[in-house]
Structure formats: structure tokens, C-alpha cells
Amino acid sequence: MDEIDRKIINQLQRGFPICPRPYEEAAKPLGITEAELIQRIESLLENKTLTRFGPMYQIEKAGGAFTLAAMSIPEDEFDKVAEQVNQFPEIAHNYERDHKLNMWFVLGTENPNEITSTIQRIEETTGYKVYNMPKLEEFYVGLYFPV
């Protein structure tokens, strides 16, 4: 990663302009063009330096729902079940933890009722129980990882 890519990642973690030409506005303080910024973001996604580039929404305000879910998966089944779970378009991300509940993922749906039905479909597909842990209260942390 070169210095410009590093600056892009650091800058875009703090916000992205909302305007008719957001990439052009975001590129200006970086001293690059809109086209170069877009190309560099695409490259960072392609080489897996970034796994995602996009907005974060409070989906509840649009009528949708998010929940955190976990599963306890035997080690020899983990990769297979992760692949099954990740095929659901409602899965935002999925990760492994060193815990009895070793698979954790965020589930996002268009409405709150779909959380239950999606969990049921995941359980039917994988054969394992999904533990639903819905958000009770929201806190803004302002997460930032300087690179």
C-alpha cells in the first residue's frame, strides 16, 4: 500500500461527501483526481485490502432491521457452514471467534419480521441453531482505524 492509498483509507473512514460529485470532492484534499480515487478504491477492494466500501445506514429508520447472531459450529464443519451462511444476502459480515459460540454474523433485513424467518432458513440450511441477539440500545462509538 502506498502513501496515497493510506491517506484514502484514513480520510474515508471519517466521512464521505454528500454532493453531486462526491468522489471529486473526496479526491481534492488527497491531491488526486476523481477517476484516480475511484480506480484506487476499486484496486483496494480487488486486492482485498478493503473488504467493503459503502455507507452505514441506521436501517431501522428506513423500516428495516439488524441483529447480531451467533452459532456454535464444530471446527471441522466451520468452513462449510460459513459458506452456507454467507450465501444469504441478508448477512452483512461473518467472523470466527475463539468461544463456544464461534461463528458471529450481522443479519440485516428489509423489515423486522424477516429476521425470524431468515434465522429459520439459516437453521434449516445448516442444521445448527442460530442465537439471535437483537440490539437493545444503540451507542455511537466513532470507530476509526488509522493506517
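The CG atom of Asp79 sits 10.0 Å away from atom CG of Asp76, with the distance rounded to the nearest 0.5 Å. To the nearest 0.5 Å, the span separating OG1 on Thr109 from CD1 on Ile91 amounts to 10.5 Å. We find the OG1-CD distance between Thr125 and Gln84 to be 6.5 Å, quoted to the nearest 0.5 Å. The CD atom of Glu36 sits 5.5 Å away from the CD1 atom of Ile4 when rounded to the nearest 0.5 Å. Note: Arg40 CZ to Ile9 CD1 = 10.5 Å, rounded to the nearest 0.5 Å. With rounding to the nearest 0.5 Å, the separation of CD1 in Ile119 from CZ in Arg121 is 10.5 Å.
In the hydrophobic clustering of ILVMFWY residues, with side-chain heavy atoms under 4.5 Å counting as a link, Leu68 and Leu101 come out together. Tracing side-chain contacts under 4.5 Å through hydrophobic residues (I, L, V, M, F, W, Y), one reaches Phe66 starting from Trp104; they form part of the same cluster. Linking Ile, Leu, Val, Met, Phe, Trp and Tyr residues whenever their side-chain heavy atoms come within less than 4.5 Å places Leu45 and Leu30 in a single cluster. Tracing side-chain contacts under 4.5 Å through hydrophobic residues (I, L, V, M, F, W, Y), one never reaches Ile122 starting from Met133; they form parts of separate clusters. Cluster annotation: Ile32 is connected to Phe16 through the hydrophobic network of ILVMFWY side chains, with a link wherever side-chain heavy atoms come within less than 4.5 Å.
Listed here is the closest heavy atom pair of Lys129 and Met71: O-CG, 3.5 Å. Across Gly63 and Pro112, no two heavy atoms sit closer than the pair O-CD, 3.5 Å. Leu37 and Ala27 make their closest contact through CD2-N, 3.8 Å (heavy atoms, listed as atom of the first residue, atom of the second, distance). The two residues Pro17 and Pro22 have their closest heavy-atom pair at O-CB, 3.2 Å. Smallest separation of non-hydrogen atoms from Lys28 and Glu25: NZ-OE2, 2.9 Å. Counting all heavy atoms, side chain and backbone alike, Val147 lies closest to Met1 at CG2-SD, 4.5 Å.
The number of heavy atoms from other shown groups lying within 6.0 Å of CD (Gln13) is above 12. Within a 6.0 Å sphere centred on CD of Glu110, other residues, nucleotides and ligands contribute 12 heavy atoms or fewer.
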Step-by-step side-chain contact (heavy atoms from CB on, under 4.5 Å) determination, Thr49 to Asp5:
CA-CA 10 Å; Thr49 300; Asp5 285 345; over 6 Å; no
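Residues Asn111 and Glu114 have side chains that bring a donor and an acceptor to within less than 3.5 angstrom of each other. A donor and an acceptor atom, one from each side chain of Gln39 and Ser43, are located under 3.5 Å apart.
The only option from Met103, Glu96, Lys80 that meets the side chain to side chain contact (heavy atoms under 4.5 Å, CB included) definition with Ile73 turns out to be Met103. Val85 pairs with exactly one of Leu107, Thr126, Val130 by the side chain to side chain contact (heavy atoms under 4.5 Å, CB included) rule, that one being Thr126.
Looking only at distances, no side-chain donor or acceptor of Asn132 sits under 3.5 Å from a matching main-chain atom of Ala69. Put simply, the side chain of Ser72 gets close to the backbone of Lys100: a donor and an acceptor are under 3.5 Å apart.
Side chains of Lys135 and Glu60 form a contact here, defined as non-hydrogen atoms less than 4.5 Å apart. Using a 4.5 Å heavy-atom threshold, the side chains of Ile8 and Phe53 count as separate.
Using a 4.0 Å cut-off between charged nitrogen and carboxylate oxygen, Arg6 and Glu3 count as a salt-bridge pair.
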